[in-house]
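First comes the structure, then the notes that go with it.
The structure presented is a predicted model; accordingly, all values stated were derived computationally and were not measured. Note: hydrogens, waters and symmetry copies are ignored here, and every other heavy atom, side chains too, is used.
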Amino acid sequence: MSAAQIDGNDEWLELMGKDLLMRVIGSSASGADSLGDDYNDEPAAEVGDAIQLDFTGRRLLSFDGEGCCSEKELPFVEKRGCLIALGDGDVIPGLEMAARFLSIGQRAIVKCRSKYAYGAGGRRAAAAAAAAAAAADTASNSTTGVTKDLPPNSDVVLDVCVRDIIPSRRLLEDDDLKIQLASSKKQLGNECYQYEWDDHGMGKGRALKLYGKARDSMMDLLSEIETRQEKDDAAELTGAKQKAASILIDCLNNISAVHLKAKAYGKAKDSAATVLQYDPNNIKALCRAARAAIFDPNGTFEECEMAIAAAEEIDGENADVKRLRVELDRRKKQHKKREKAMYSKMMAGGGDVHVHEQQMQTPQQMDNKKPSAYLYLFASLFVTLGSLLLFELVARANNNDKEEGGGVDGSNSDQDL
């Protein structure tokens with residue numbers, strides 16, 4: 001069914017039987033004004049295209065009723081200019097499916113059963129928004145920009161407008177559009193992490209998927225830029241390269257945060273280690289690697305020490321770094337205390353001390369005999385930082401020698417590794 005076929009239709013259209021219904025209610029002023037009277041001739045989007053959407057979501061109190069929802073029902077989500085890639089699953093299925101049938105400027109009401117919305121997880125509002133929602137409910141005042149929680153297994157109603165459709169061929173040719181789309185995926189992933197995390201793993205899965213797609217897109221773009229730098233404008237490519245690298249690093253750090261929250265400590269360290277390959281000075285990655293090593297049953301004190309020491313070299317006053325140092329020292333003291341108590345108990349009981357010492361070793365102690373890949377990475381990083389510090393000291397000594405001859409401007413010592 002095309003956008004032209006459904007335009008002006010007052011009936012509820014079945015997109016997935018009775019569980020997903022849509023009714024086109026006209027055009028948005030912001031979308032239609034720029035297109036004139038012929039906006040309905042614009043085609044709907046195809047899989048692979050990017051769509052810019054405005055949408056508001058509310059809890060649907062009566063799915064079978066003619067009314068969509070109570071006017072007093074506050075939205076659980078409200079977004080403007082959200083850029084998604086059709087077919088990537090960037091948003092809930094009901095929203096993406098409806099957007100396929102709308103052309104630029106068209107607006108529709110979409111009713112979704114929970115399985116096409118947020119399912120058993122629901123969606124939480126931000127703390128500030130939830131407080132504002134409670135105040136709005138009490139005072140019955142304006143609710144613009146205020147959101148509230150969506151309970152699990154809730155049916156929803158969406159007010160959707162398509163602001164723009166970007167054909168896939170333009171996405172392939174335009175670096176800025178690729179960066180914008182990856183940035184939007186990262187932001188949507190942040191929202192999944194913050195507002196959709198649940199015991200069923202739906203929020204976690206969506207966040208990892210969005211971060212992963214943004215990461216892969218920026219890796220591909222960086223690879224393309226490397227091959228084009230000799231031909232195209234170097235300055236323009238440098239700007240795109242910096243933006244792409246920033247999004248890539250953010251997504252890798254966020255993937256590490258997701259795995260930390262899910263207690264998948266090995267995967268958290270993997271993602272943090274990848275960040276350090278791109279940016280050895282990244283405090284956030286070093287802290288997350290250290291935190292993962294601290295809580296990982298298979299982690300080692302050496303891993304933690306290397307990561308924290310490297311972070312302290314970069315920014316010893318960082319609050320997260322200080323907290324991690326305190327936590328590591330506390331755990332080391334606890335470990336030594338337990339070890340001493342076990343040793344004293346065995347000595348009191350007699351027997352072969354060497355045999356008992358072997359039996360009392362924890363899996364973490366046994367693992368300490370086999371340095372992990374992370375330990376080698378952090379050791380390499382530490383050596384690199386030490387080399388740079390030595391280079392800076394030598395450079396400063398040379399500059400001091402030259403000051404008698406009129407002085408020389410020193411280079412910036414804070415440049416990226």
May I have the step-by-step check of side chain to side chain contact (heavy atoms under 4.5 Å, CB included) for Ile308 and Leu328, ending in yes or no? CA-CA 9 Å; Ile308 295 172; Leu328 178 59; 3.7 Å; yes

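- To the nearest 0.5 Å, atom CD1 of residue Ile255 and atom CG of residue Asp250 are 11.0 Å apart.
- Checking side-chain atoms of Asp198 against main-chain N and O of Met202 turns up a donor-acceptor pair under 3.5 Å.
- By the 4.0 Å N-to-carboxylate-O rule, Asp270 lies too far from Lys267 to be salt-bridged with it.
- Within the 4.5 Å cutoff, side-chain heavy atoms of His335 are placed close to those of Arg338.
- Heavy-atom minimum distance, Ala240 versus Ile179: O-CD1, 3.7 Å.
- Considering only heavy atoms from C-beta on, Leu221 comes within 4.5 Å of Asp175 through its side chain.
- Here Arg206 pairs with Glu196 in a salt bridge; the nearest charged N to carboxylate O distance falls below 4.0 Å.
- Here the side chain of Tyr211 pairs a donor or acceptor atom with the backbone of Asn190 at under 3.5 angstrom.
- Pairing each heavy atom of Ala290 with each of Leu324, the nearest pair is CB-CD1, 4.1 Å.
- Residues Arg330 and Glu327 are paired through a salt bridge, judged by an N-O separation under 4.0 Å between the basic side chain and the carboxylate.
- Using a distance-only test at 3.5 Å, with no hydrogens or angles considered, a donor-acceptor pair links the side chain of Ser256 to the main chain of Ala268.
- In this structure, Lys322 pairs ionically with Glu317, as a charged nitrogen and a carboxylate oxygen lie closer than 4.0 Å.
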Kindly determine whether Arg107 and Val24 satisfy side chain to side chain contact (heavy atoms under 4.5 Å, CB included), including the steps that lead there. CA-CA 6 Å; Arg107 181 178 166 219; Val24 176; over 6 Å; no

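- Checked for salt-bridge contact, Asp149 and Arg123 miss the test: no charged N lies under 4.0 Å from a carboxylate O.
- A 4.5 Å side-chain heavy-atom check between Tyr265 and Arg291 finds every atom pair outside the cut-off.
- Panel note: side chain Asp49, backbone Ser168; a donor-acceptor pair is recorded below 3.5 Å.
- Checked for salt-bridge contact, Arg325 and Glu305 meet the test: a charged N lies under 4.0 Å from a carboxylate O.
- Shown here for Cys192 and Leu210, the closest heavy-atom pair between the two residues is SG-CD1, 3.8 Å.
- Nearest heavy atom pair, residue Asp320 against residue Cys287, reads CB-SG, 3.9 Å.
- Under a 4.0 Å N-O distance rule, the pair Asp155/Arg59 does not qualify as a salt bridge.
- Although no hydrogens or angles enter the test, the distance criterion places no donor-acceptor pair under 3.5 Å between the side chain of Asp159 and the main chain of Thr56.
- Checking each of Leu60, Val156, Leu20 against Val110 for a side-chain contact (heavy atoms from CB on, under 4.5 Å) leaves exactly one that passes, namely Leu20.
- Using a 4.5 Å heavy-atom threshold, the side chains of Leu208 and His259 count as touching.
- Centroid-to-centroid, the aromatic rings of Phe76 and Tyr118 come within less than 6.0 Å.
- Considering Gln52, Arg163, Lys185 as possible partners of Leu83, the one that fulfils the side-chain contact (heavy atoms from CB on, under 4.5 Å) test is Gln52.
- Counting all heavy atoms, side chain and backbone alike, Ala207 lies closest to Gly189 at CB-O, 3.8 Å.
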Would Ser223 and Glu226 count as a side chain to side chain donor-acceptor pair (under 3.5 Å) if you check the C-alpha gap in whole Å, the side-chain angles of each, and the deciding distance to 0.1 Å? CA-CA 5 Å; Ser223 179; Glu226 288 292 334; over 6 Å; no

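- A 4.5 Å side-chain heavy-atom check between Val77 and Tyr195 finds every atom pair outside the cut-off.
- Note that OG1 of Thr300 is 11.0 Å distant from CD1 of Ile294, once rounded to the nearest 0.5 Å.
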Begin from the C-alpha positions of Leu286 and Ile314 and carry the test side chain to side chain contact (heavy atoms under 4.5 Å, CB included) through to its verdict. CA-CA 10 Å; Leu286 287 167; Ile314 297 166; 3.7 Å; yes

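- The pair Arg100-Glu46 does not meet the salt-bridge criterion, since no charged nitrogen lies less than 4.0 angstrom from a carboxylate oxygen.
- Atom CD1 of Ile166 and atom CD1 of Ile84 lie 11.0 Å apart (nearest 0.5 Å).
- Judged by a 6.0 Å distance limit and a 45° cone about the ring axis, Arg331 is positioned over the six-membered ring of Phe295.
- Interatomic distance, Ile249 CD1 to Met218 CE, rounded to the nearest 0.5 Å: 13.0 Å.
- Counting heavy-atom neighbours within 6.0 Å of Lys178 NZ, excluding the residue itself, gives a total above 12.
- For the pair Gln106 (side chain) and Ser103 (backbone), a donor-acceptor distance under 3.5 Å is present.
- Rounding to the nearest 0.5 Å places CG of Leu95 at 11.0 Å from NZ of Lys79.
- Between Ser154 and Ser114, the shortest heavy-atom contact is O-CB, 3.2 Å.
- Annotation: cation-pi pair Lys261/Trp197 present, NZ/CZ under 6.0 Å from the ring centroid and within 45° of its normal.
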Going through the checks in order, is the side chain to side chain contact (heavy atoms under 4.5 Å, CB included) test met by Tyr116 and Ile92? CA-CA 7 Å; Tyr116 294 115; Ile92 59 172; over 6 Å; no

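- Between the side chain of Thr227 and the backbone N or O of Glu224, at least one donor-acceptor pair lies under 3.5 Å.
- Shown here is Lys243, whose NZ atom has no more than 12 heavy atoms of other residues, nucleotides or ligands within 6.0 Å.
- Side-chain contact of Ser184 with Gln187: a donor-acceptor pair under 3.5 Å is absent, judged by distance alone.
- Partner Lys111 forms a side-chain contact (heavy atoms from CB on, under 4.5 Å) with one of Leu158, Leu21, Asp19 and no other, that one being Leu21.
- Here the side chains of Asn253 and Asn282 are in contact, with some heavy-atom distance below 4.5 Å.
- Side-chain contact between Arg288 and Lys269 is absent, with no heavy-atom pair separated by less than 4.5 Å.
- Inter-residue side-chain proximity for Cys161 and Phe55 is flagged as unmet; no heavy-atom pair is nearer than 4.5 Å.
- Here CE of Met22 is found 5.5 Å from CG of Leu13. Values are rounded to the nearest 0.5 Å.
- Within 6.0 Å of NZ on Lys332 lie more than 12 heavy atoms contributed by other residues, nucleotides or ligands.
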Walk me through whether Lys284 and Asp279 qualify under salt bridge (Lys or Arg N to Asp or Glu O under 4.0 Å). CA-CA 11 Å; Lys284 192 177 289 186; Asp279 180 10; over 6 Å; no

